[in-house]
There are 2 protein chains.
Amino acid sequence: MIKDFFNCEHVGKMTGDKRREQILLTAVSLFSQRGFSGTTTKEIARAAGVSEAMVFRHFSTKSELYGAILDNKACHDGVRFPWDENPVLQEAIKQKDDFKVFFNIALNALTKQQADENFMRLLFYSALEEHELADRFFNEFVARLYEFIGNYIEGRQKDGAMREINPRIVVRAFLGMMIHHSLNNILWDKKRRLLDISNEEAAKNFAEIILHGVSK
Amino acid sequence: MIKDFFNCEHVGKMTGDKRREQILLTAVSLFSQRGFSGTTTKEIARAAGVSEAMVFRHFSTKSELYGAILDNKACHDGVRFPWDENPVLQEAIKQKDDFKVFFNIALNALTKQQADENFMRLLFYSALEEHELADRFFNEFVARLYEFIGNYIEGRQKDGAMREINPRIVVRAFLGMMIHHSLNNILWDKKRRLLDISNEEAAKNFAEIILHGVSK
DNA sequence: GCATTATAAGTAAGTGCTTACTTACTACTC
DNA sequence: GAGTAGTAAGTAAGCACTTACTTATAATGC
């Protein structure tokens with residue numbers, strides 16, 4: 001599984017950087033499944049196919065390994081905002097096509113959350129465990145998201161297109177729908193017993209509800 | 001005796017049942033803060049003011065202690081639904097006063113979630129750790145909540161008061177707002193930097209958004 | 001081209017401490 | 001004096017982390 005991912009029959013030696021990243025990705029997977037204190041360094045080493053000493057060669061403590069996850073994430077995938085490299089959204093904003101804006105943000109978020117289930121779980125674990133990782137993600141990502149969507153709503157209120165209501169409450173309601181939906185799918189209702197809909201359908205309905213919800 | 005003089009429950013002996021419950025409540029607090037594997041039996045014993053051996057006299061394993069929490073919760077507080085012993089809500093339903101219905105449910109949920117932060121955290125931990133506790137709560141509480149609110153919406157759609165939309169999507173959106181709001185307050189934004197509103201204000205706004213959102 | 005050597009990749013077998021859980025015993029109360 | 005509340009002092013296994021050592025590799029000097 002990990003071997004497949006790296007497309008590398010690694011029986012021999014690896015370069016340091018490659019091995020470091022492999023250990024990191026193995027750790028993401030295990031930490032996201034069992035949390036920080038539920039995962040042992042022995043397990044990580046075993047899953048990565050190396051000795052425990054190798055883990056400590058690359059990361060001086062278990063905590064450092066945990067912390068390195070977000071750095072790697074930020075550096076590798078980049079902390080991508082919905083508006084980054086997204087001409088459709090940028091165009092929709094210019095045209096003030098509210099449905100397109102909210103639909104695009106919702107679909108974007110739901111798709112990402114579904115694709116990166118492990119990272120989602122990690123984020124929740126780190127929030128519960130009160131690890132620095134959670135704070136950083138909140139400040140670097142969530143806070144900016146609130147500002148961005150909040151600003152858009154404020155603009156549309158000035159245009160007279162939306163009713164007077166604290167924009168941040170609207171953002172909270174909107175993000176709440178999406179995050180709760182993903183959380184349900186990841187944590188509680190994996191079999192989709194309560195609600196089984198595609199991301200497109202969810203995004204469309206959530207966007208419609210929030211837009212009707214704030215219309216005059 | 002010393003006990004009487006100091007009027008102190010921690011010194012001297014307790015009846016078995018009292019001690020058992022005290023250990024259980026101590027455990028709830030610690031498990032909710034650090035998770036199952038992040039909490040040691042030694043810590044629990046210390047916090048409860050007894051020796052570790054006493055913990056194992058009352059609960060044969062650490063796992064059993066964890067499992068006993070929900071049983072105690074269900075038995076003690078009961079699993080209370082928003083509509084239980086809530087004449088205001090029942091009256092609102094009869095009168096088909098949509099705002100009153102949704103506002104009442106929202107305020108009820110937000111207040112409870114705020115009051116029982118520990119239990120909320122425990123629930124999230126158990127979901128991540130895939131403990132039976134999470135499943136039971138989902139099946140016994142969440143599923144019924146979906147059915148109840150979903151049925152009300154379906155009825156109002158038949159009345160022609162709400163537009164055609166899958167009622168469960170509406171429930172998900174509505175619960176999403178509330179749970180995400182509580183989660184934010186408990187986990188990420190304890191200082192209320194992003195949004196600082198009372199439960200009443202949140203409930204009012206969420207109810208309004210969802211009602212406008214599904215209106216014709 | 002080939003032996004030499006510096007260095008990074010790798011490990012087996014620890015270290016001391018902590019863990020969940022036990023045993024063998026004492027003290028209090030009815 | 002019987003039974004329960006309580007503990008001090010364990011035990012074996014597991015934990016994060018280290019040490020002391022062995023390879024593989026690739027650049028260097030001849």
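Below, each value reflects all heavy atoms present in this structure, side chains not excepted, and no hydrogens, waters or symmetry copies.
- Of all the residues in residues 122-130 of chain A, not one reaches under 4.0 Å from DNA chain C with any non-hydrogen atom.
- The salt bridge (charged side-chain N to carboxylate O under 4.0 Å, His left out) search around D98(A) returns R156(A), not counting sequence neighbours.
- When the side chain to side chain contact (heavy atoms under 4.5 Å, CB included) test is applied to L183(A), the partners found at least two apart in sequence or on another chain are F124(A), L187(A), W188(A), F124(B), L183(B).
- Under the side-chain hydrogen bond (donor to acceptor under 3.5 Å, both in side chains) criterion, the residue pairs touching residues 102-112 of chain A are N86(A)-N104(A), with sequence neighbours excluded.
- The salt bridge (charged side-chain N to carboxylate O under 4.0 Å, His left out) search around K191(A) returns none, not counting sequence neighbours.
- A donor-acceptor pair under 3.5 Å is absent between the side-chain atoms of E208(B) and the main chain of G213(A), judged by distance alone.
- A straight line from NZ of K42(A) to P of dA13(D) spans 12 Å, rounded to a whole angstrom.
- Note: F36(A) and H131(A) have tilted aromatic rings, judged against thresholds of 30 and 60 degrees for the angle between ring planes.
- Atom CZ of F56(B) and atom C1' of dT7(D) are 15 Å apart (whole Å).
- As a whole-Å value, the separation of R19(B) CZ from dT7(D) P is 7 Å.
- A distance-only check finds no donor-acceptor pair linking the side chain of R168(B) to the backbone of Y146(B) [under 3.5 Å].
- Legend: residues meeting side chain to side chain contact (heavy atoms under 4.5 Å, CB included) with F56(B), ordered by chain and number and at least two apart, are T41(B), E52(B).
- Of all the residues in residues 59-66 of chain A, T61(A), K62(A) reach under 4.0 Å from DNA chain D with at least one non-hydrogen atom.
- Relative ring orientation between F141(A) and F81(A) is described as parallel, the plane-to-plane angle staying below 30° on a 0-90° scale split at 30° and 60°.
- dA20(C) atom P lies 12 Å from atom CG of L30(B), rounded to whole Å.
- Following rounding to the nearest Å, E43(B) (CD) and dA20(C) (P) show an atom-to-atom distance of 8 Å.
- Between R57(B) and T39(A), the residue anchored nearer the 5' end of DNA chain D, judged by the nucleotide with its closest heavy atom, is R57(B).
- Pairs engaging residues 25-47 of chain A under the salt bridge (charged side-chain N to carboxylate O under 4.0 Å, His left out) rule: R34(A)-E43(A) [sequence neighbours left out].
- A centroid separation of 6.0 Å or more is found between the aromatic rings of F206(B) and F174(B).
- The CD1 atom of I23(B) sits 11 Å away from the P atom of dA5(D) (whole-angstrom rounding).
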Polar atoms only, N or O, under 3.5 Å: list the protein pairs with nucleotides 12-15 of chain C and their distances.
none

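- Every residue meeting the side chain to side chain contact (heavy atoms under 4.5 Å, CB included) condition with N185(A), not counting sequence neighbours, appears here in chain and number order: H181(A), R192(A), R172(B).
- Within the nucleic acid shown, S37(A) has no heavy atom closer than 4.0 Å to any nucleic acid atom.
- Residues passing the salt bridge (charged side-chain N to carboxylate O under 4.0 Å, His left out) test with K62(B), sequence neighbours excluded: none.
- For the helix from dG1(C)-dC30(D) to dC30(C)-dG1(D), the terminal axes (five pairs an end, C1' atoms, rotation from four pairs onto the next four) enclose an angle of 10°, given to 10 degrees.
- Across all strands, V55(A) comes closer than 4.0 Å to no nucleic acid atom at all (heavy-atom distances).
- Looking at D189(B), its side chain does come within 3.5 Å of a backbone N or O of L194(B) through a donor-acceptor pair.
- For the pair M54(B) CE and dT26(C) P, the computed distance is 18 Å after rounding to whole Å.
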